[in-house]
Every structure is written in C-alpha cells, then in structure tokens.
Amino acid sequence: MDKCMNIMDMGYVITSQYNVIIVYLSRQQIMTFFPLRSQPPTYCSVHRVICIGHVYGNHFVQVIA
C-alpha cells in the first residue's frame, strides 16, 4: 500500500507534467484536476482529457466513453 498512487497527491503532478485534464471517478467522489503551470489552449478541441476510474477499492483504470 505504501507504493500505491494517491490521486490527491499525484493528480496535479500528472496534469502539470503531461499538460492534460484528469477526471477522477469513484463511488465516493468525482474530482477534476487541471494543469497548474501551463496556459490553457485557446480552442476547446485542443484539450486532452483523461478519465480515470477507481474500481474495487485498489485499482485505477482508464474510462473510455
């Protein structure tokens, strides 16, 4: 458990490093993380959004709609 990803700690790190928007989905909460250091694109179609689902209490999976 000490090597598992904590979305509260890593959400902003991932978004800032890869310049993406992350949407985190679980039964308890839904959170959205935006990059902290980059300027948002001027066109909405340029945004990269990654949805991550938290399942079975200990796994993260990418949600594709």
Side-chain angles (χ1 to χ4, degrees):
M1 287 297 283
D2 60 332
K3 301 209 186 309
C4 289
M5 181 178 88
N6 182 349
I7 197 66
M8 296 300 291
D9 295 335
M10 297 302 295
Y12 290 113
V13 174
I14 295 168
T15 58
S16 296
Q17 177 67 33
Y18 296 105
N19 198 25
V20 296
I21 298 168
I22 293 182
V23 178
Y24 168 74
L25 306 168
S26 75
R27 289 185 183 243
Q28 290 80 24
Q29 61 188 353
I30 297 172
M31 300 179 72
T32 305
F33 298 92
F34 295 95
L36 296 175
R37 296 186 182 166
S38 63
Q39 185 175 12
T42 55
Y43 298 103
C44 292
S45 62
V46 180
H47 292 290
R48 288 182 43 210
V49 178
I50 298 174
C51 294
I52 298 175
H54 189 234
V55 294
Y56 302 120
N58 60 356
H59 288 81
F60 292 96
V61 295
Q62 184 175 1
V63 177
I64 299 173

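Counting begins at 1 with the first residue of the sequence.
- Separation of atoms CG (Asn19) and CD1 (Ile14) is listed at 13.5 Å; rounding is to 0.5 Å.
- For the pair Arg48 and Tyr18, the tightest heavy-atom approach, listed with the atom from each and the gap, is NH1-O, 4.0 Å.
- Grouping Ile, Leu, Val, Met, Phe, Trp and Tyr residues whose side-chain heavy atoms lie under 4.5 Å apart, directly or via other members, places Val55 in a hydrophobic cluster with Tyr56, Val61.
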Please tabulate, for the side chains in residues 20-32, all donor-acceptor contacts under 3.5 angstrom to protein atoms that are two or more places apart in sequence or on a different chain.
from, atom 1, to, atom 2, distance (Å)
Ser26, OG, Gln28, N, 3.3
Ser26, OG, Gln29, N, 3.2
Ser26, OG, Gln29, O, 3.1

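- Taking Tyr12 as the reference, Phe33 meet the ring-ring contact (aromatic ring centres under 6.0 Å, His included) condition, with sequence neighbours excluded.
- Under the 4.5 Å side-chain heavy-atom criterion for ILVMFWY residues, a single connected hydrophobic cluster contains both Val63 and Phe34.
- Note that the CD1 atom of Ile50 and the CD atom of Gln62 stand 6.0 Å from one another [nearest 0.5 Å].
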